[in-house]
Asks: 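Okay, handing you the structure first.
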Amino acid sequence: MDNINMHLTLKGLSAEEEYPDLSQHNNHMAKVLTLDMYRRLRDRATPSGFTIDGVIQTGVDNPGHPFIMTVGCVAGDEETYEVFKELLDPVISDRHGGYKPTDKHKTDLNSNNLKGGDDLDPNYVLSSRVRTGRSIRGFCLPPHCSRGERRAVETLSIEALASLTGDLKGKYYALKNMTDAEQQQLIDDHFLFDKPVSPLLLASGMARDWPDARGIWHNDNKTFLVWVNEEDHLRVISMQKGGNMKEVFNRFCTGLTKIETLFKERGHAFMWNEHLGYVLTCPSNLGTGLRAGVHVKLPNMSKNAKFEEILKRLRLQKRGTGGVDTAAVGGVFDISNADRLGFSEVELVQMVVDGIKLLIEMEKRLEKGQSIDDLMPAQK
Amino acid sequence: MATSFSRLLSSRRNLGILSLVGAGSVTAAFLLHREHVTAGVPVRRRYPASAEYPDLRKHNNCMASSLTPAIYSKLCDKATPNGYTLDEAIQTGVDNPGHPFIKTVGMVAGDEESYEVFADLLDPIIKERHNGYDPRTMTHPTDLDASKIQSGQFDDRYVLSSRVRTGRSIRGLSLPPACTRAERREVERVVVDALSGLKGDLKGKYYSLTQMTEQEQQQLIDDHFLFDKPVSPLLTCAGMARDWPDARGIWHNNEKTFLIWVNEEDHTRVISMEKGGNMKRVFERFCRGLKEVEHLIQERGWEFMWNPRLGYILTCPSNLGTGLRAGVHVKLPLLSKDARFSKILDNLRLQKRGTGGVDTAAVGGVFDISNLDRLGQSEVQLVQTVVDGVNYLIECEKRLEKGQDIKVPPPHQTFIFCDRMKGGWFCG
């Protein structure tokens with residue numbers, strides 16, 4: 001649906017006059033956007049009124065880093081990916097390894113299809129975790145939602161999560177209502193999320209009205225956790241200590257499928273389509289939105305000159321154990337899948353499982369002063 | 001009120017608005033009937049006002065004090081002709097609950113019309129912030145005749161520097177929270193073009209933030225002229241830092257005594273300053289410079305936002321009226337340790353800050369002392385208040401140096417506002 005962008009047309013100012021100065025910028029949006037493209041897209045708006053300037057504001061305000069390529073654009077609703085596809089398709093292609101507008105994304109949340117993964121060496125793997133996001137169809141996304149919509153997402157989520165049973169039974173903690181004791185416990189459990197401080201998120205308007213309608217739900221066992229209205233409508237996390245990634249993924253799939261059913265029973269679906277998979281706020285999280293990872297001790301590997309190349313070939317990425325943008329401490333790394341779109345959930349978790357197994361094998365060789373040359377993987 | 005909007009209708013930008021008639025629907029009709037301001041672009045609303053009303057229970061700012069559910073309900077579907085909405089105007093106050101001791105305003109204007117369309121909320125906020133000034137009935141006096149200032153030369157042994165600042169907005173262009181990139185660039189063009197016409201001691205140069213050399217940047221930092229991208233969440237939550245540093249810059253005269261910031265928190269911030277205590281000369285240059293700039297933009301078909309009930313229109317309601325802060329850096333080591341210091345300042349209608357500006361602490365007994373008030377009194381009246389007050393403070397300091405006692409002065413004149421309804425001047 002092609003609504004006219006009233007505001008910019010009202011002022012009678014031209015595309016040239018409005019076009020952002022991207023000369024200092026290094027992000028995906030800045031690499032793709034041209035004046036002609038901007039001229040065409042500025043007259044459009046999604047049915048809920050999201051405009052091209054809303055899409056790109058974060059990328060205009062955050063020129064980026066010479067080495068790290070950020071995305072530089074966000075979606076305000078599901079229709080953003082359609083109305084502004086002229087910009088977003090090439091951004092998606094650049095970010096997701098050449099994914100084409102005609103490609104189809106496969107969803108596979110059947111954890112039985114995962115081979116192995118229950119025996120990653122606990123002497124090296126400290127913890128295992130799988131996360132993704134989900135958006136509720138019909139509601140605007142965090143950059144654009146009104147307070148009423150955000151609250152409606154929260155209400156629906158609380159209701160659905162309250163119906164979970166067995167080892168998934170749990171409790172919701174609203175950010176604005178939690179007691180000091182509850183807050184401290186959530187911090188100790190490393191569950192509590194803060195108001196975003198990253199300018200990448202702030203510039204897109206995701207932190208508006210904080211902490212209204214934000215909260216954390218987790219099961220009594222503390223192995224299944226849902227964030228409500230942080231960077232996405234829902235972030236779903238399954239985790240536990242040790243190296244049983246299979247169990248983590250199993251719980252992840254079971255929990256997600258149950259939650260989806262509970263939403264459907266109440267007349268709500270997740271945003272999903274066969275081209276983009278699950279639709280989330282940031283184009284980098286499309287497809288599976290899945291990051292499966294471990295905290296793993298690789299002190300020798302991390303000093304090895306081939307470490308980066310090996311990770312690249314295994315389609316894995318490393319982070320410090322504080323999450324994205326942190327450094328590794330004591331040789332302990334957060335290693336996870338680099339891809340999100342174009343591979344199914346099972347395929348991505350399989351890459352992590354297989355890759356970690358190999359890295360641990362290499363670590364053991366290096367401990368003994370042996371070579372790892374024969375173990376070098378091919379590019380996946 | 002009607003006159004300012006008929007001026008808008010006759011402005012050159014109208015061509016764009018009239019061309020919308022083809023594109024259609026309700027919007028064009030809204031815009032063409034403009035006896036008074038009507039709501040602009042229809043606002044999307046899926047939920048009733050009660051579901052959208054912000055949770056302000058932990059908040060302590062002027063907006064939170066005045067925004068009742070009834071007012072929210074009445075205003076939430078309205079928009080200015082530029083499309084600016086209530087939710088945008090109050091976002092900064094929702095996102096920044098405030099401090100138990102310092103009451104922030106909690107709301108901004110996106111354009112001149114915000115003060116009309118959202119008057120039901122802004123008028124009580126203005127009243128609370130500006131000592132009971134009621135925009136519905138009162139008139140704000142503007143007086144930029146510097147010759148009226150008496151005793152405007154301070155003792156240089158105490159006053160290190162003198163400064164007067166204000167802001168000015170260009171009528172017809174949206175304010176920093178709401179402006180598009182093109183509007184912001186237009187503000188820059190209009191202002192820089194006008195400033196290039198200044199002569200004599202006011203002749204100067206513009207340094208665009210996007211284009212300045214490293215050397216120019218260092219010089220501006222050394223001169224304490226360079227402003228940074230705002231970090232205060234009060235400003236960033238209102239959207240004022242969007243597209244930084246596009247169309248932002250600093251202009252100053254060659255003598256470095258007259259300085260203009262372009263597109264920081266307002267369209268322009270105008271500053272006159274110099275070392276030492278000659279406040280009268282600082283204010284004289286201030287008035288002369290402002291009048292010259294106004295004349296230069298008028299030659300080009302533009303004018304400042306101003307009306308008789310609110311004076312000069314700026315982004316933050318706290319800066320309405322004169323938008324004026326006249327102040328000095330003054331050495332008061334003994335007086336500042338006296339228990340009566342705060343009371344003395346209060347009665348003189350002055351405020352103290354550290355010499356780093358608002359939110360900083362004083363160093364070495366040197367304080368930034370300036371007027372508290374902005375609206376309801378003229379520029380001349382406020383500067384005279386500062387002159388009289390600072391002279392009094394210096395007298396106190398000298399007495400304390402000699403071991404003599406000091407007196408707390410009686411409270412400064414109670415506010416005398418001009419009340420249009422009552423037909424004259426009355427105490428506020």
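Nothing here was measured: the structure is a model prediction, and the numbers come from that model. Below, chains carry the letters A, B, ... as their sequence lines are ordered, and counting in each starts from 1.
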Asks: Quick check on the interface: out of B:S50, B:A51, B:P54, who has the most heavy-atom pairs with chain A under 4.5 Å?
Replies: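 Heavy-atom pairs under 4.5 Å are most numerous for B:P54.
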
Asks: Tell me if a side-chain donor or acceptor on B:K58 pairs with a main-chain N or O of A:K176 at a distance below 3.5 Å.
Replies: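 Such a contact is found between B:K58 side chain and A:K176 backbone.
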
Asks: If I compare all heavy atoms of A:R208 with all of B:D95, which pair ends up nearest, and what's the gap?
Replies: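 So the two residues come closest at C-OD1, 3.5 Å.
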
Asks: Looking at A:S146 and B:E52, what are the two nearest heavy atoms and their distance?
Replies: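 Between these two residues, the closest heavy atoms are OG-OE2, 2.7 Å.
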
Asks: Pick one of side chain, backbone, both or neither for A:L22, based on which atoms fall under 4.5 Å of a heavy atom in chain B.
Replies: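 No part of it gets close to chain B.
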
Asks: May I have the step-by-step check of side chain to side chain contact (heavy atoms under 4.5 Å, CB included) for B:T180 and A:D53, ending in yes or no?
Replies: CA-CA 9 Å; B:T180 67; A:D53 284 322; 5.7 Å; no

Asks: Which atom names give the shortest non-hydrogen contact between A:R147 and B:D87, and what distance separates them?
Replies: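 In terms of heavy atoms, the two residues are closest at NH2-OD1, 2.7 Å.
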
Asks: Does any heavy atom of chain B fall under 4.5 Å from the side chain of A:D212, the backbone, both, or neither of them?
Replies: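 For A:D212, the contact with chain B is made by the side chain alone.
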
Asks: At a 4.5 Å cut-off on heavy atoms, which part of A:R151 comes close to chain B: side chain, backbone, both, or neither?
Replies: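 The answer is the side chain of A:R151.
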
Asks: Is there a donor-acceptor pair closer than 3.5 Å between any side-chain N or O of B:R185 and the backbone N or O of A:E17?
Replies: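 Such a contact is found between B:R185 side chain and A:E17 backbone.
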
Asks: Restricting to non-hydrogen atoms, name the atom on A:A152 and the atom on B:Y47 that form the minimum distance, rounded to 0.1 Å.
Replies: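 Distance-wise, the nearest heavy atoms are CB-OH, 3.5 Å.
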
Asks: Looking only at non-hydrogen atoms, find the nearest pair between A:Y19 and B:R181 and report the distance.
Replies: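 What the structure gives for the nearest pair is C-NE, 4.0 Å.
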
Asks: Sort A:Q24 into side chain, backbone, both or neither according to what part of it lies under 4.5 angstrom from a heavy atom of chain B.
Replies: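 Neither the backbone nor the side chain of A:Q24 comes within 4.5 Å of chain B.
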
Asks: Looking at chain A, which one of B:D55, B:D243, B:V94 has the largest number of heavy-atom pairs inside 4.5 Å, strictly under?
Replies: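 Top option by heavy-atom pairs under 4.5 Å: B:D243.
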
